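Below is one structure, written out as C-alpha coordinates; the observations come after it.
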Number of protein chains: 2
Amino acid sequence: MANAEQVTKADGKALQGTQSLADRLFLSLRKDIVEGRMAAGSKISEPELARRFDASRGSLREALMRLDSLGLIERKVNVGARVVELSGRGLLELYDVREALEGMACRLAAENRSEADLAELRQMLERHEQQEELQAGTAYYQPEGDFDFHFRIVQASNNELLIDTLCNKLYYRVRMYRYQLGMASPRAHRAFREHSHIIEAIEAGDGELAEILMRRHIRASRSNIAKKLSSS
Amino acid sequence: MANAEQVTKADGKALQGTQSLADRLFLSLRKDIVEGRMAAGSKISEPELARRFDASRGSLREALMRLDSLGLIERKVNVGARVVELSGRGLLELYDVREALEGMACRLAAENRSEADLAELRQMLERHEQQEELQAGTAYYQPEGDFDFHFRIVQASNNELLIDTLCNKLYYRVRMYRYQLGMASPRAHRAFREHSHIIEAIEAGDGELAEILMRRHIRASRSNIAKKLSSS
DNA sequence: ACACTAAAAAGTGTCGACAATCTTGGTTGC
DNA sequence: GCAACCAAGATTGTCGACACTTTTTAGTGT
(Lines give C-alpha, C1' and ligand atoms only; values in the text may rest on other atoms or scores of the structure.)
Protein backbone atom coordinates (compact mmCIF):
# COMPACT_ATOMS: atom_id res chain seq x y z
CA MET A 1 0.00 0.00 0.00
CA ALA A 2 1.03 3.54 -0.58
CA ASN A 3 2.31 5.11 2.55
CA ALA A 4 5.04 7.43 3.68
CA GLU A 5 7.59 4.63 3.82
CA GLN A 6 7.63 4.17 0.10
CA VAL A 7 10.94 4.23 -1.61
CA THR A 8 12.20 6.98 -3.82
CA LYS A 9 13.87 6.37 -7.14
CA ALA A 10 16.94 8.07 -5.81
CA ASP A 11 16.97 5.84 -2.75
CA GLY A 12 17.81 2.91 -4.94
CA LYS A 13 20.14 1.12 -2.61
CA ALA A 14 17.26 0.07 -0.42
CA LEU A 15 15.61 -1.70 -3.31
CA GLN A 16 18.67 -3.45 -4.57
CA GLY A 17 18.79 -5.91 -1.71
CA THR A 18 22.51 -5.63 -1.23
CA GLN A 19 23.00 -2.97 1.38
CA SER A 20 26.01 -2.57 3.55
CA LEU A 21 25.95 -2.76 7.30
CA ALA A 22 26.50 0.97 7.43
CA ASP A 23 23.43 1.39 5.23
CA ARG A 24 21.30 -0.60 7.62
CA LEU A 25 22.64 1.29 10.60
CA PHE A 26 21.87 4.53 8.86
CA LEU A 27 18.30 3.55 8.06
CA SER A 28 17.71 2.21 11.54
CA LEU A 29 19.13 5.26 13.27
CA ARG A 30 17.27 7.62 10.99
CA LYS A 31 14.04 5.91 11.94
CA ASP A 32 14.86 6.06 15.65
CA ILE A 33 15.63 9.76 15.45
CA VAL A 34 12.67 10.70 13.29
CA GLU A 35 10.23 8.79 15.45
CA GLY A 36 11.67 10.21 18.64
CA ARG A 37 13.12 7.08 20.18
CA MET A 38 16.33 9.04 20.41
CA ALA A 39 15.47 12.21 22.23
CA ALA A 40 16.14 15.47 20.44
CA GLY A 41 19.24 17.11 21.80
CA SER A 42 20.55 13.97 23.47
CA LYS A 43 24.19 13.03 23.18
CA ILE A 44 25.28 10.10 21.07
CA SER A 45 28.05 7.84 22.32
CA GLU A 46 29.76 5.96 19.53
CA PRO A 47 31.01 3.03 21.62
CA GLU A 48 27.64 2.56 23.26
CA LEU A 49 25.68 2.63 20.02
CA ALA A 50 28.17 0.34 18.36
CA ARG A 51 27.67 -2.22 21.12
CA ARG A 52 23.94 -1.85 20.98
CA PHE A 53 23.86 -2.59 17.25
CA ASP A 54 26.62 -5.14 17.50
CA ALA A 55 28.74 -3.36 14.91
CA SER A 56 32.15 -1.80 14.83
CA ARG A 57 32.65 1.87 15.46
CA GLY A 58 33.84 2.37 11.91
CA SER A 59 30.58 1.26 10.36
CA LEU A 60 28.64 3.24 12.89
CA ARG A 61 30.61 6.37 12.18
CA GLU A 62 29.79 6.01 8.53
CA ALA A 63 26.12 6.01 9.39
CA LEU A 64 26.60 9.04 11.64
CA MET A 65 28.28 10.97 8.84
CA ARG A 66 25.21 10.52 6.71
CA LEU A 67 22.84 11.50 9.47
CA ASP A 68 24.95 14.60 9.85
CA SER A 69 24.60 15.64 6.24
CA LEU A 70 20.88 14.95 6.51
CA GLY A 71 20.81 17.47 9.31
CA LEU A 72 19.39 14.99 11.81
CA ILE A 73 22.43 15.09 14.09
CA GLU A 74 25.17 17.64 14.72
CA ARG A 75 28.79 16.70 15.13
CA LYS A 76 31.62 18.65 16.68
CA VAL A 77 35.22 17.63 16.17
CA ASN A 78 36.67 15.78 19.14
CA VAL A 79 33.51 16.28 21.10
CA GLY A 80 30.85 14.10 19.59
CA ALA A 81 27.42 14.02 18.06
CA ARG A 82 24.02 15.02 19.39
CA VAL A 83 20.58 14.55 17.97
CA VAL A 84 19.50 17.84 16.47
CA GLU A 85 17.43 20.16 18.64
CA LEU A 86 13.95 21.07 17.44
CA SER A 87 12.82 24.65 17.58
CA GLY A 88 9.85 26.67 16.49
CA ARG A 89 12.06 28.77 14.33
CA GLY A 90 13.47 25.67 12.63
CA LEU A 91 9.97 24.45 11.87
CA LEU A 92 8.94 27.73 10.31
CA GLU A 93 12.11 27.83 8.25
CA LEU A 94 11.30 24.37 7.03
CA TYR A 95 7.91 25.51 5.85
CA ASP A 96 9.35 28.42 3.90
CA VAL A 97 11.68 26.08 2.08
CA ARG A 98 8.90 23.62 1.43
CA GLU A 99 6.69 26.39 0.08
CA ALA A 100 9.34 27.27 -2.47
CA LEU A 101 10.30 23.75 -3.49
CA GLU A 102 6.91 22.11 -3.48
CA GLY A 103 5.45 25.07 -5.30
CA MET A 104 8.00 24.49 -8.03
CA ALA A 105 7.40 20.75 -7.96
CA CYS A 106 3.73 21.35 -8.45
CA ARG A 107 4.36 23.66 -11.39
CA LEU A 108 6.64 21.11 -13.02
CA ALA A 109 4.18 18.30 -12.37
CA ALA A 110 1.53 20.30 -14.19
CA GLU A 111 3.79 21.07 -17.11
CA ASN A 112 5.19 17.57 -17.57
CA ARG A 113 2.16 15.63 -16.54
CA SER A 114 2.11 12.05 -17.78
CA GLU A 115 -0.98 9.87 -17.95
CA ALA A 116 0.55 7.48 -15.43
CA ASP A 117 1.14 10.23 -12.88
CA LEU A 118 -2.32 11.65 -13.36
CA ALA A 119 -3.91 8.27 -12.88
CA GLU A 120 -2.00 7.71 -9.67
CA LEU A 121 -2.90 11.13 -8.34
CA ARG A 122 -6.59 10.69 -9.08
CA GLN A 123 -6.56 7.26 -7.52
CA MET A 124 -4.88 8.58 -4.42
CA LEU A 125 -7.38 11.37 -4.07
CA GLU A 126 -10.19 8.87 -4.27
CA ARG A 127 -8.68 6.76 -1.52
CA HIS A 128 -8.35 9.81 0.68
CA GLU A 129 -11.91 10.84 -0.01
CA GLN A 130 -13.27 7.49 1.09
CA GLN A 131 -11.18 7.64 4.19
CA GLU A 132 -12.43 11.12 4.89
CA GLU A 133 -16.07 10.23 4.61
CA LEU A 134 -15.47 7.22 6.75
CA GLN A 135 -14.10 9.25 9.58
CA ALA A 136 -16.31 12.25 9.00
CA GLY A 137 -14.13 15.10 9.95
CA THR A 138 -12.28 13.51 12.82
CA ALA A 139 -9.16 14.61 11.03
CA TYR A 140 -7.50 11.33 11.73
CA TYR A 141 -6.25 10.31 8.33
CA GLN A 142 -4.05 13.37 8.13
CA PRO A 143 -0.43 12.39 8.76
CA GLU A 144 -0.17 9.58 6.23
CA GLY A 145 -2.64 10.99 3.76
CA ASP A 146 -1.09 14.40 3.72
CA PHE A 147 2.34 12.94 3.42
CA ASP A 148 1.24 10.70 0.62
CA PHE A 149 -0.15 13.65 -1.27
CA HIS A 150 2.93 15.81 -1.07
CA PHE A 151 5.19 12.89 -1.79
CA ARG A 152 3.41 11.94 -4.97
CA ILE A 153 3.24 15.45 -6.31
CA VAL A 154 6.96 15.80 -5.90
CA GLN A 155 7.54 12.48 -7.63
CA ALA A 156 5.49 13.71 -10.55
CA SER A 157 7.70 16.75 -11.00
CA ASN A 158 10.17 14.61 -12.89
CA ASN A 159 13.08 16.65 -11.54
CA GLU A 160 15.57 14.29 -9.92
CA LEU A 161 17.29 16.98 -7.90
CA LEU A 162 14.03 18.30 -6.55
CA ILE A 163 12.82 14.81 -5.72
CA ASP A 164 16.04 13.99 -3.94
CA THR A 165 16.13 17.23 -1.98
CA LEU A 166 12.57 16.91 -0.76
CA CYS A 167 11.95 13.19 -0.42
CA ASN A 168 15.37 12.05 0.73
CA LYS A 169 16.36 15.02 2.81
CA LEU A 170 13.81 17.56 3.95
CA TYR A 171 10.91 15.19 4.49
CA TYR A 172 12.73 13.34 7.22
CA ARG A 173 13.00 16.56 9.13
CA VAL A 174 9.32 17.24 8.50
CA ARG A 175 8.40 13.86 9.88
CA MET A 176 10.64 14.38 12.88
CA TYR A 177 8.75 17.55 13.75
CA ARG A 178 5.42 15.83 13.17
CA TYR A 179 6.24 12.96 15.47
CA GLN A 180 7.65 15.05 18.25
CA LEU A 181 5.50 18.15 18.24
CA GLY A 182 2.55 15.96 17.30
CA MET A 183 1.07 18.32 14.73
CA ALA A 184 -2.21 16.65 13.94
CA SER A 185 -3.51 19.75 12.29
CA PRO A 186 -7.21 20.43 12.57
CA ARG A 187 -7.29 21.42 8.94
CA ALA A 188 -8.15 17.97 7.65
CA HIS A 189 -11.30 18.73 5.73
CA ARG A 190 -10.07 22.01 4.29
CA ALA A 191 -6.76 20.38 3.41
CA PHE A 192 -8.54 17.71 1.45
CA ARG A 193 -10.39 20.30 -0.62
CA GLU A 194 -7.13 22.11 -1.27
CA HIS A 195 -5.47 18.90 -2.37
CA SER A 196 -8.33 18.33 -4.70
CA HIS A 197 -8.03 21.74 -6.32
CA ILE A 198 -4.30 21.37 -6.73
CA ILE A 199 -4.72 18.14 -8.60
CA GLU A 200 -7.33 19.72 -10.81
CA ALA A 201 -4.86 22.42 -11.76
CA ILE A 202 -2.26 19.78 -12.55
CA GLU A 203 -4.75 17.88 -14.67
CA ALA A 204 -5.50 21.08 -16.54
CA GLY A 205 -1.80 21.55 -17.17
CA ASP A 206 -1.94 24.97 -15.52
CA GLY A 207 1.50 25.17 -13.94
CA GLU A 208 1.13 28.68 -12.66
CA LEU A 209 -2.14 28.01 -10.88
CA ALA A 210 -0.88 24.70 -9.52
CA GLU A 211 2.12 26.45 -8.02
CA ILE A 212 0.05 29.23 -6.48
CA LEU A 213 -2.40 26.80 -4.92
CA MET A 214 0.34 24.61 -3.49
CA ARG A 215 2.14 27.57 -2.02
CA ARG A 216 -1.04 28.84 -0.46
CA HIS A 217 -1.76 25.37 0.90
CA ILE A 218 1.61 25.17 2.59
CA ARG A 219 1.50 28.73 3.81
CA ALA A 220 -1.86 28.07 5.45
CA SER A 221 -0.28 25.21 7.35
CA ARG A 222 2.56 27.48 8.27
CA SER A 223 0.39 30.21 9.74
CA ASN A 224 -1.57 27.62 11.61
CA ILE A 225 1.65 26.48 13.22
CA ALA A 226 2.95 29.99 13.78
CA LYS A 227 -0.24 30.77 15.67
CA LYS A 228 0.09 27.71 17.86
CA LEU A 229 3.72 28.46 18.55
CA SER A 230 3.17 32.05 19.56
CA SER A 231 0.34 31.10 21.91
CA SER A 232 2.45 28.67 23.89
CA MET B 1 38.09 40.63 -0.50
CA ALA B 2 34.64 39.23 -0.91
CA ASN B 3 34.65 36.36 -3.32
CA ALA B 4 32.99 33.05 -3.85
CA GLU B 5 35.34 31.32 -1.44
CA GLN B 6 33.85 33.02 1.56
CA VAL B 7 32.74 30.87 4.42
CA THR B 8 29.16 30.29 5.42
CA LYS B 9 27.96 30.46 8.97
CA ALA B 10 26.93 26.84 8.72
CA ASP B 11 30.39 25.84 7.53
CA GLY B 12 31.76 26.75 10.91
CA LYS B 13 34.28 23.97 11.25
CA ALA B 14 36.52 25.59 8.69
CA LEU B 15 36.76 28.72 10.78
CA GLN B 16 37.41 26.98 14.04
CA GLY B 17 40.96 26.02 13.15
CA THR B 18 40.62 22.52 14.50
CA GLN B 19 39.53 20.39 11.63
CA SER B 20 40.00 16.70 11.32
CA LEU B 21 42.02 15.04 8.60
CA ALA B 22 38.81 13.81 7.05
CA ASP B 23 37.60 17.43 6.97
CA ARG B 24 40.67 18.53 5.08
CA LEU B 25 40.39 15.64 2.66
CA PHE B 26 36.78 16.52 2.07
CA LEU B 27 37.51 20.16 1.36
CA SER B 28 40.43 19.31 -0.88
CA LEU B 29 38.53 16.73 -2.87
CA ARG B 30 35.51 18.95 -3.20
CA LYS B 31 37.70 21.62 -4.72
CA ASP B 32 39.34 19.16 -7.10
CA ILE B 33 35.99 17.90 -8.28
CA VAL B 34 34.33 21.28 -8.59
CA GLU B 35 37.23 22.75 -10.52
CA GLY B 36 37.47 19.76 -12.79
CA ARG B 37 40.83 18.38 -11.76
CA MET B 38 39.01 15.12 -11.24
CA ALA B 39 37.23 14.42 -14.47
CA ALA B 40 33.47 14.07 -14.33
CA GLY B 41 32.47 10.44 -14.57
CA SER B 42 35.92 9.11 -13.69
CA LYS B 43 36.28 6.27 -11.24
CA ILE B 44 37.71 6.88 -7.79
CA SER B 45 40.08 4.32 -6.31
CA GLU B 46 40.19 4.46 -2.54
CA PRO B 47 43.67 2.95 -2.12
CA GLU B 48 45.16 5.21 -4.76
CA LEU B 49 43.63 8.39 -3.37
CA ALA B 50 44.60 7.41 0.15
CA ARG B 51 48.21 7.04 -0.94
CA ARG B 52 48.15 10.28 -2.86
CA PHE B 53 46.94 12.21 0.19
CA ASP B 54 49.03 10.17 2.56
CA ALA B 55 46.05 9.22 4.67
CA SER B 56 44.38 6.00 5.68
CA ARG B 57 41.49 4.61 3.75
CA GLY B 58 39.23 5.14 6.73
CA SER B 59 39.65 8.87 6.77
CA LEU B 60 39.34 9.03 3.04
CA ARG B 61 36.13 7.05 3.08
CA GLU B 62 34.70 9.52 5.55
CA ALA B 63 35.41 12.31 3.09
CA LEU B 64 33.86 10.30 0.26
CA MET B 65 30.68 9.80 2.26
CA ARG B 66 30.25 13.52 2.52
CA LEU B 67 30.96 14.11 -1.12
CA ASP B 68 28.30 11.53 -1.80
CA SER B 69 25.64 13.31 0.18
CA LEU B 70 26.68 16.54 -1.53
CA GLY B 71 25.87 14.83 -4.79
CA LEU B 72 29.37 15.36 -6.18
CA ILE B 73 30.16 11.66 -6.40
CA GLU B 74 28.05 8.53 -6.68
CA ARG B 75 28.78 5.39 -4.73
CA LYS B 76 27.62 1.87 -5.40
CA VAL B 77 27.95 -0.82 -2.79
CA ASN B 78 30.88 -3.15 -3.37
CA VAL B 79 31.70 -1.38 -6.60
CA GLY B 80 33.07 2.02 -5.75
CA ALA B 81 32.66 5.71 -6.32
CA ARG B 82 32.73 7.82 -9.48
CA VAL B 83 32.69 11.55 -9.90
CA VAL B 84 29.19 12.56 -10.86
CA GLU B 85 28.43 12.88 -14.56
CA LEU B 86 27.32 16.28 -15.83
CA SER B 87 24.38 16.50 -18.16
CA GLY B 88 22.33 19.19 -19.77
CA ARG B 89 19.27 17.86 -18.04
CA GLY B 90 21.00 18.05 -14.68
CA LEU B 91 21.94 21.65 -15.28
CA LEU B 92 18.40 22.63 -16.19
CA GLU B 93 17.06 20.82 -13.14
CA LEU B 94 19.51 22.76 -11.03
CA TYR B 95 18.19 26.02 -12.40
CA ASP B 96 14.61 25.12 -11.61
CA VAL B 97 15.54 24.40 -8.03
CA ARG B 98 17.55 27.58 -7.80
CA GLU B 99 14.65 29.58 -9.16
CA ALA B 100 12.43 28.29 -6.40
CA LEU B 101 14.89 28.62 -3.54
CA GLU B 102 16.55 31.88 -4.48
CA GLY B 103 13.20 33.42 -5.25
CA MET B 104 12.16 32.59 -1.71
CA ALA B 105 15.48 33.79 -0.32
CA CYS B 106 14.97 37.09 -2.06
CA ARG B 107 11.48 37.46 -0.66
CA LEU B 108 12.70 36.75 2.84
CA ALA B 109 15.63 39.11 2.43
CA ALA B 110 13.20 41.85 1.52
CA GLU B 111 10.91 41.10 4.43
CA ASN B 112 13.60 40.79 7.10
CA ARG B 113 16.02 43.30 5.73
CA SER B 114 18.51 44.61 8.28
CA GLU B 115 20.54 47.76 7.88
CA ALA B 116 23.74 45.73 7.90
CA ASP B 117 22.60 43.51 5.05
CA LEU B 118 21.38 46.45 3.02
CA ALA B 119 24.67 48.26 3.44
CA GLU B 120 26.59 45.23 2.29
CA LEU B 121 24.36 44.73 -0.71
CA ARG B 122 24.65 48.36 -1.81
CA GLN B 123 28.39 48.26 -1.34
CA MET B 124 28.68 45.12 -3.40
CA LEU B 125 26.61 46.58 -6.19
CA GLU B 126 28.89 49.59 -6.28
CA ARG B 127 31.95 47.40 -6.58
CA HIS B 128 30.39 45.49 -9.43
CA GLU B 129 29.42 48.69 -11.17
CA GLN B 130 32.96 50.01 -11.10
CA GLN B 131 34.22 46.72 -12.41
CA GLU B 132 31.65 46.78 -15.16
CA GLU B 133 32.57 50.22 -16.36
CA LEU B 134 36.18 49.27 -16.22
CA GLN B 135 35.69 46.38 -18.53
CA ALA B 136 32.98 47.99 -20.63
CA GLY B 137 30.82 45.09 -21.52
CA THR B 138 33.51 42.50 -21.98
CA ALA B 139 31.46 40.42 -19.62
CA TYR B 140 34.52 39.25 -17.83
CA TYR B 141 33.68 39.97 -14.23
CA GLN B 142 30.75 37.62 -14.39
CA PRO B 143 31.59 34.38 -12.60
CA GLU B 144 32.75 35.88 -9.31
CA GLY B 145 30.50 38.90 -9.40
CA ASP B 146 27.40 36.93 -10.17
CA PHE B 147 28.25 34.38 -7.56
CA ASP B 148 28.90 37.07 -5.02
CA PHE B 149 25.51 38.58 -5.69
CA HIS B 150 23.50 35.40 -5.31
CA PHE B 151 25.52 34.35 -2.31
CA ARG B 152 24.88 37.54 -0.42
CA ILE B 153 21.19 37.64 -1.14
CA VAL B 154 20.82 34.17 0.25
CA GLN B 155 22.78 35.11 3.36
CA ALA B 156 20.42 38.01 3.89
CA SER B 157 17.41 35.71 3.90
CA ASN B 158 18.13 34.87 7.52
CA ASN B 159 16.82 31.34 7.03
CA GLU B 160 19.47 28.89 8.18
CA LEU B 161 18.03 25.94 6.31
CA LEU B 162 17.80 27.88 3.09
CA ILE B 163 21.32 29.21 3.48
CA ASP B 164 22.67 25.76 4.17
CA THR B 165 20.85 24.14 1.29
CA LEU B 166 21.99 26.71 -1.24
CA CYS B 167 25.42 27.80 -0.07
CA ASN B 168 26.72 24.52 1.31
CA LYS B 169 25.11 22.13 -1.09
CA LEU B 170 23.68 23.33 -4.38
CA TYR B 171 26.21 26.04 -5.11
CA TYR B 172 29.03 23.54 -5.35
CA ARG B 173 27.18 21.81 -8.10
CA VAL B 174 26.56 25.15 -9.79
CA ARG B 175 30.23 25.97 -9.68
CA MET B 176 31.10 22.54 -11.02
CA TYR B 177 28.95 23.15 -14.07
CA ARG B 178 30.40 26.63 -14.49
CA TYR B 179 33.95 25.40 -14.44
CA GLN B 180 33.42 22.50 -16.73
CA LEU B 181 30.88 23.77 -19.22
CA GLY B 182 32.52 27.20 -19.00
CA MET B 183 29.30 29.19 -18.93
CA ALA B 184 30.60 32.73 -19.21
CA SER B 185 27.18 34.00 -20.10
CA PRO B 186 27.02 36.94 -22.48
CA ARG B 187 24.37 38.48 -20.32
CA ALA B 188 26.77 40.50 -18.22
CA HIS B 189 25.40 43.97 -18.74
CA ARG B 190 21.78 42.97 -18.59
CA ALA B 191 22.50 40.82 -15.55
CA PHE B 192 23.96 43.79 -13.74
CA ARG B 193 20.83 45.85 -14.34
CA GLU B 194 18.72 42.97 -13.10
CA HIS B 195 20.80 42.67 -9.97
CA SER B 196 20.35 46.35 -9.42
CA HIS B 197 16.57 46.17 -9.67
CA ILE B 198 16.41 43.22 -7.35
CA ILE B 199 18.31 45.07 -4.68
CA GLU B 200 16.04 48.05 -5.09
CA ALA B 201 13.06 45.84 -4.42
CA ILE B 202 14.74 44.47 -1.33
CA GLU B 203 15.52 47.97 -0.12
CA ALA B 204 11.89 48.88 -0.61
CA GLY B 205 10.87 45.89 1.47
CA ASP B 206 8.75 44.58 -1.38
CA GLY B 207 9.12 40.84 -0.93
CA GLU B 208 6.73 39.88 -3.66
CA LEU B 209 8.45 42.00 -6.29
CA ALA B 210 11.89 40.93 -5.15
CA GLU B 211 10.90 37.30 -5.56
CA ILE B 212 9.43 37.83 -9.00
CA LEU B 213 12.48 39.69 -10.22
CA MET B 214 14.88 37.08 -8.91
CA ARG B 215 12.92 34.27 -10.46
CA ARG B 216 12.83 36.05 -13.78
CA HIS B 217 16.55 36.71 -13.53
CA ILE B 218 17.33 33.04 -13.00
CA ARG B 219 14.88 31.89 -15.60
CA ALA B 220 16.50 34.16 -18.16
CA SER B 221 19.81 32.46 -17.45
CA ARG B 222 18.10 29.16 -17.76
CA SER B 223 16.61 29.82 -21.19
CA ASN B 224 19.94 31.13 -22.32
CA ILE B 225 21.48 27.81 -21.36
CA ALA B 226 18.62 25.77 -22.76
CA LYS B 227 19.13 27.49 -26.10
CA LYS B 228 22.83 26.75 -26.12
CA LEU B 229 22.24 23.16 -25.16
CA SER B 230 19.68 22.48 -27.85
CA SER B 231 21.89 24.01 -30.52
CA SER B 232 24.81 21.72 -29.79
C1' DA C 1 33.81 26.14 51.27
C1' DC C 2 35.79 27.60 46.93
C1' DA C 3 39.10 27.88 43.18
C1' DC C 4 42.64 25.97 40.80
C1' DT C 5 45.53 21.95 39.31
C1' DA C 6 46.59 17.51 37.88
C1' DA C 7 45.75 12.83 37.01
C1' DA C 8 42.61 9.44 35.17
C1' DA C 9 38.75 8.04 32.63
C1' DA C 10 36.05 8.31 28.58
C1' DG C 11 35.50 9.55 23.92
C1' DT C 12 36.81 10.69 19.31
C1' DG C 13 40.20 10.47 15.29
C1' DT C 14 43.25 7.60 12.68
C1' DC C 15 45.36 3.57 11.17
C1' DG C 16 46.56 -1.11 9.25
C1' DA C 17 44.86 -5.79 8.55
C1' DC C 18 41.42 -9.28 7.39
C1' DA C 19 37.10 -10.88 5.09
C1' DA C 20 33.70 -10.52 1.48
C1' DT C 21 32.72 -9.00 -3.05
C1' DC C 22 33.37 -7.52 -7.70
C1' DT C 23 36.21 -7.36 -11.99
C1' DT C 24 39.36 -9.29 -15.42
C1' DG C 25 41.59 -12.41 -18.23
C1' DG C 26 42.00 -16.83 -19.71
C1' DT C 27 40.12 -21.40 -20.40
C1' DT C 28 36.88 -24.85 -21.56
C1' DG C 29 33.05 -26.73 -24.01
C1' DC C 30 29.79 -26.49 -27.64
C1' DG D 1 34.03 -18.46 -33.22
C1' DC D 2 31.22 -17.59 -29.30
C1' DA D 3 29.27 -18.18 -24.81
C1' DA D 4 29.61 -19.73 -20.31
C1' DC D 5 32.60 -20.67 -16.61
C1' DC D 6 36.48 -20.37 -13.42
C1' DA D 7 40.56 -18.57 -11.07
C1' DA D 8 43.56 -14.69 -9.92
C1' DG D 9 43.91 -10.03 -8.87
C1' DA D 10 42.15 -5.89 -7.21
C1' DT D 11 38.74 -3.23 -4.60
C1' DT D 12 35.45 -2.44 -1.14
C1' DG D 13 33.36 -3.43 3.57
C1' DT D 14 34.31 -4.38 8.34
C1' DC D 15 36.85 -4.75 12.37
C1' DG D 16 39.89 -4.09 16.56
C1' DA D 17 43.78 -1.45 18.36
C1' DC D 18 46.39 2.75 19.20
C1' DA D 19 47.04 8.02 19.57
C1' DC D 20 45.33 12.19 20.77
C1' DT D 21 41.72 15.30 22.78
C1' DT D 22 38.17 16.42 25.91
C1' DT D 23 35.80 15.75 30.11
C1' DT D 24 35.48 14.24 34.69
C1' DT D 25 37.22 13.54 39.09
C1' DA D 26 40.18 13.67 42.90
C1' DG D 27 43.27 16.37 45.34
C1' DT D 28 45.68 20.48 47.03
C1' DG D 29 46.11 24.91 48.84
C1' DT D 30 44.16 29.23 50.31
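Heavy atoms only: backbone and side chains are in, while hydrogens, waters and symmetry mates are out. What you see is a predicted model, and the numbers here were worked out from it, not measured in a lab.
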Quiz item: Rounded to the nearest Å, what distance is computed from the CZ atom of residue R61(A) to the P atom of nucleotide dC15(C)?
Solution: 12 Å
Exercise. May I ask you to test the L72(B)-R30(B) pair for a side-chain heavy-atom distance under 4.5 Å?
Key: yes
Quiz item: So does S59(A) get a side-chain nitrogen or oxygen closer than 4.0 Å to the phosphate oxygens (OP1/OP2) of dC15(D)?
Solution: yes
Quiz item: So what does G58(A) hit on the nucleic acid, given a heavy-atom distance under 4.0 Å: a base, only sugar-phosphate, or nothing?
Solution: nothing
Exercise. Write down the distance between CZ (R51(B)) and C1' (dA10(D)), rounded to a whole number of angstrom.
Key: 11 Å
Self-check item: Toward the 5' end of DNA chain D, by each residue's nearest nucleotide, D54(A) or K43(B)
Solution: K43(B)
Quiz item: Which nucleotide in the list dT14(C), dG11(C), dG16(D) gets nearest to the side chain of S45(A)?
Solution: dG11(C)
Please list, for nucleotides 22-24 of chain D, all pairs of protein and nucleotide N/O atoms separated by less than 3.5 Å.
none

Quiz item: Relative to each other, are the rings of H195(B) and H150(B) parallel, tilted or perpendicular (30° and 60° limits)?
Solution: perpendicular
Self-check item: Any side-chain donor near an acceptor of the partner, N224(B) and S221(B), under 3.5 Å
Solution: no
Self-check item: Nearest-nucleotide comparison on DNA chain C, the residue closer to the 5′ end among R57(B) and E62(B)
Solution: E62(B)
Self-check item: Cation-pi geometry met for R66(A) and F26(A) (6.0 Å, 45°)
Solution: yes
Quiz item: Between F53(A) and R24(A), is a side chain to side chain contact (heavy atoms under 4.5 Å, CB included) present by the stated rule, with each step listed?
Solution: CA-CA 10 Å; F53(A) 283 96; R24(A) 288 195 298 274; over 6 Å; no
Quiz item: Tell me: CD of Q19(B) to P of dT14(C), nearest whole Å?
Solution: 10 Å
Quiz item: How close or far is atom C1' of dT14(D) from atom CG of D23(A), stated in whole angstroms?
Solution: 13 Å
Practice problem: Round to the nearest Å and state the distance from E46(B) atom CD to dC15(C) atom P. | Solution: 14 Å
Quiz item: What's the CG-P distance between L60(B) and dT12(D), to the nearest Å?
Solution: 10 Å
Quiz item: Within the distance-only criterion (no hydrogens, no angle test), does the side chain of E62(B) pair as donor or acceptor with the backbone N or O of A22(B) below 3.5 angstrom?
Solution: no
Quiz item: Which nucleotide, dC15(C), dC15(D), dA17(D), lies nearest any side-chain atom of A55(A)?
Solution: dC15(D)
Practice problem: Grab the NZ-C1' distance between K76(B) and dT21(C) for me, whole Å please. | Solution: 15 Å
Quiz item: Does the distance from a Lys or Arg side-chain N to an Asp or Glu carboxylate O, for E74(A) and R82(A), drop under 4.0 Å?
Solution: no
Practice problem: Return the value, rounded to whole Å, for the distance between atom CG of L64(B) and atom P of dT12(D). | Solution: 9 Å
